[in-house]
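First up is the structure itself, then whatever we jot down about it.
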Amino acid sequence: AGVSLMYDYDAAQGVAGGPVDAAAHYSPAIVDGPSGSQLIDEWEFFYGIADRLGLQLSMGGGLFGGATTTRLDMAARPTTDEMLDILCAGSRVPLDEIKKYPGGAEFAKPAVTVAPPTGTRHRFQLADPDMVADLDHIAAGLFGPRDDAALRLVCRRMDHVRNSSVNLAATNRGRPYNPAYLHPDDLAARGLHPGDTAWLSSDRDRVRCVVDADTSLRRGLVSMAHAFGGDPDDPDDPYLDVGSSTSRLLFNDRDVERYSGQPRMSAIPVEIERCS
């Protein structure tokens with residue numbers, strides 16, 4: 001069973017993830033899981049771990065979790081439909097109403113309303129002094145004095161995969177890995193050609209990768225898709241089959257953003273050289 005929550009309006013949070021006139025769709029399970037198989041829903045995996053550890057799970061309603069949470073019954077495993085009921089609790093259109101339309105429907109009512117502002121915090125504060133100071137600090141690190149030969153690793157998407165998921169032979173055209181794209185002039189300056197194998201290195205680690213050319217890139221950039229790569233301790237390093245892990249080039253204990261704790265994941269200083 002499933003519901004199109006990702007693209008619907010979440011009344012509990014006041015977040016529009018899709019059109020204002022929400023189109024919603026509930027689909028019951030088409031078939032039961034194969035008898036004797038280990039095929040389970042994703043939520044069952046986490047529920048099973050918590051159950052074995054003696055932990056109590058709670059789940060909030062809405063796409064991002066609601067203000068109220070429901071304690072799950074750890075003695076009697078809920079069904080997927082019961083989990084969807086919890087997930088959709090407090091929604092603008094009740095899930096029971098959505099289930100009345102097997103092919104999905106558009107729900108223009110009830111209308112979206114916005115409460116009147118209260119206090120002084122309903123106004124935007126532009127150019128907050130703390131934020132401006134942080135931007136100056138970041139800019140100094142990104143564009144300050146540095147070795148002109150250094151490259152910067154930036155993120156990239158590839159149109160045949162979602163991160164590295166759905167990496168199928170029918171669509172990857174014989175390239176299941178994530179190439180390291182550079183401007184052709186940057187490749188030539190390092191004696192590299194499209195298809196060459198190279199070491200991409202940062203202050204933390206290095207990974208083997210396949211280089212390719214992209215004329216749309218600015219010079220000084222290496223552009224790679226993330227979420228690829230295998231076991232870093234595998235001596236065979238099957239980078240041609242599973243790609244190269246950009247995460248190995250990042251630090252999670254330095255260059256951390258002070259508001260959310262997220263480490264720096266782009267514009268990473270790197271260098272690249274041909275593998276001997």
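Side-chain contact check for T197 and Y239: at least one donor-acceptor pair (N or O, by modelled atom type) lies under 3.5 Å. In the model, S201 has no side-chain atom that pairs as donor or acceptor with a side-chain atom of R206 under 3.5 Å. A donor atom on one side chain and an acceptor atom on the other are not found under 3.5 Å apart for D81 and T79.
Sparse packing is recorded around CE of M265, with 12 or fewer heavy atoms of other residues, nucleotides or ligands lying under 6.0 Å away. More than 12 heavy atoms of other residues, nucleotides or ligands lie within 6.0 Å of CG in D253, so this atom counts as buried by the packing criterion. Annotation: F45, atom CZ; neighbour count of heavy atoms from other residues, nucleotides and ligands within 6.0 Å does not exceed 12.
The shortest side-chain heavy-atom distance between V222 and R152 does not fall under the 4.5 Å cut-off. With contacts defined as side-chain heavy-atom distances shorter than 4.5 Å, the pair D241/Y177 does not qualify. Contact check for L153 versus S266: no side-chain heavy atoms found under the 4.5 Å cut-off. No side-chain heavy atom of M224 sits under 4.5 Å from any side-chain heavy atom of P179.
Residue W199 is not grouped with residue V207 when hydrophobic side chains (ILVMFWY) are merged at heavy-atom distances under 4.5 angstrom, including chains of intermediate members. The hydrophobic cluster containing L187 does not contain L221, counting ILVMFWY residues as joined when their side-chain heavy atoms lie under 4.5 angstrom apart, directly or transitively. Taking hydrophobic clusters as Ile, Leu, Val, Met, Phe, Trp and Tyr residues chained together by side-chain heavy-atom distances below 4.5 Å, V211 does not share a cluster with L240. Linking ILVMFWY residues whenever their side-chain heavy atoms come closer than 4.5 Å, directly or via other members, places L55 and I49 in the same cluster. Linking Ile, Leu, Val, Met, Phe, Trp and Tyr whenever their side-chain heavy atoms come within less than 4.5 Å leaves Y181 and V270 in two separate clusters.
For R218 and D186, the salt-bridge test fails: no basic side-chain N is under 4.0 Å from an acidic carboxylate O. R156 has a carboxylate O that lies under 4.0 Å from a charged side-chain N of D214, or vice versa, which qualifies the two as a salt bridge.
Put simply, the side chain of Q56 gets close to the backbone of L72: a donor and an acceptor are under 3.5 Å apart. Side-chain atoms of S164 come within 3.5 Å of backbone N or O of A227 as a donor-acceptor pair. The backbone N or O of Y47 sits nowhere less than 3.5 Å from a side-chain atom of D51 that would complete a donor-acceptor pair. A donor-acceptor distance shorter than 3.5 angstrom exists from the side chain of R204 to the backbone of L250, with no hydrogens or angles considered. Panel note: side chain H25, backbone P102; a donor-acceptor pair is recorded below 3.5 Å. Judged by distance alone, the side chain of D41 and the main-chain N or O of E44 form no donor-acceptor pair under 3.5 Å.
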Check the pair D196, R190 against salt bridge (charged side-chain N to carboxylate O under 4.0 Å, His left out), reporting the backbone distance first and the verdict last. CA-CA 11 Å; D196 286 347; R190 291 162 176 77; over 6 Å; no
Please evaluate residues N163 and R157 with respect to the criterion side-chain hydrogen bond (donor to acceptor under 3.5 Å, both in side chains), reporting the C-alpha separation (whole Å), side-chain torsions for both, the decisive distance (0.1 Å), and the verdict. CA-CA 7 Å; N163 296 330; R157 293 285 188 181; 2.6 Å; yes
With side-chain contact (heavy atoms from CB on, under 4.5 Å) as the test, would you mind laying out the steps for V210 and R175 before giving the verdict? CA-CA 10 Å; V210 178; R175 297 206 307 179; 5.9 Å; no
Could you go step by step and tell me if Y259 and D134 meet the side-chain hydrogen bond (donor to acceptor under 3.5 Å, both in side chains) rule? CA-CA 11 Å; Y259 299 100; D134 285 346; 2.7 Å; yes
Could you please spell out the steps behind the side-chain contact (heavy atoms from CB on, under 4.5 Å) verdict for L151 and L182? CA-CA 9 Å; L151 299 165; L182 292 87; 3.9 Å; yes
Apply side-chain contact (heavy atoms from CB on, under 4.5 Å) to residues F228 and V242 and explain how you reach the verdict. CA-CA 6 Å; F228 283 76; V242 297; over 6 Å; no
Applying side-chain contact (heavy atoms from CB on, under 4.5 Å) to C275 and R208, what does each step give before you reach the verdict? CA-CA 8 Å; C275 283; R208 193 156 22 198; 3.7 Å; yes
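No option in D96, L95, I98 other than L95 meets the side chain to side chain contact (heavy atoms under 4.5 Å, CB included) test with C88. Tested against S260 for a side-chain hydrogen bond (donor to acceptor under 3.5 Å, both in side chains), the candidates Q262, E257, R258 yield a single pass: E257.
Considering all non-hydrogen atoms of both residues, N178 and A225 come closest at ND2-O, 2.8 Å. Across all non-hydrogen atoms, the minimal contact from D234 to D236 is OD1-N, 2.9 Å. For the residue pair P176 and N167, the shortest heavy atom distance occurs at O-ND2, 2.8 Å. Minimum interatomic distance between H183 and L217 (heavy atoms only, all atoms of both residues): CD2-O, 3.1 Å. Summarising the geometry of V154 relative to A267, their closest heavy-atom pair is CG1-N, 4.1 Å, with the distance given to 0.1 Å. Scanning all heavy atoms of the two residues, the minimum distance from N252 to V256 falls at O-CG2, 4.1 Å.
Summarising the geometry, atom CG belonging to L192 is positioned 11.5 Å from atom CG belonging to D212; distances are rounded to the nearest 0.5 Å. In this structure, CG in L126 is found 10.0 Å from CG in D128, a value given to the nearest 0.5 Å. In this structure, the separation between OG1 on T69 and CG on L57 is 11.5 Å, given to the nearest 0.5 Å. Separation of atoms CG (L168) and OG1 (T171) is listed at 4.5 Å; rounding is to 0.5 Å. To the nearest 0.5 Å, the span separating OG on S202 from CD1 on I272 amounts to 12.5 Å. Rounding to the nearest 0.5 Å gives a distance of 5.0 Å between CE of M59 and CG of L87.
In this structure, R264 fails the cation-pi test against F251, since its NZ or CZ atom is not both closer than 6.0 Å to the six-membered ring centre and inside 45 degrees of the ring normal.
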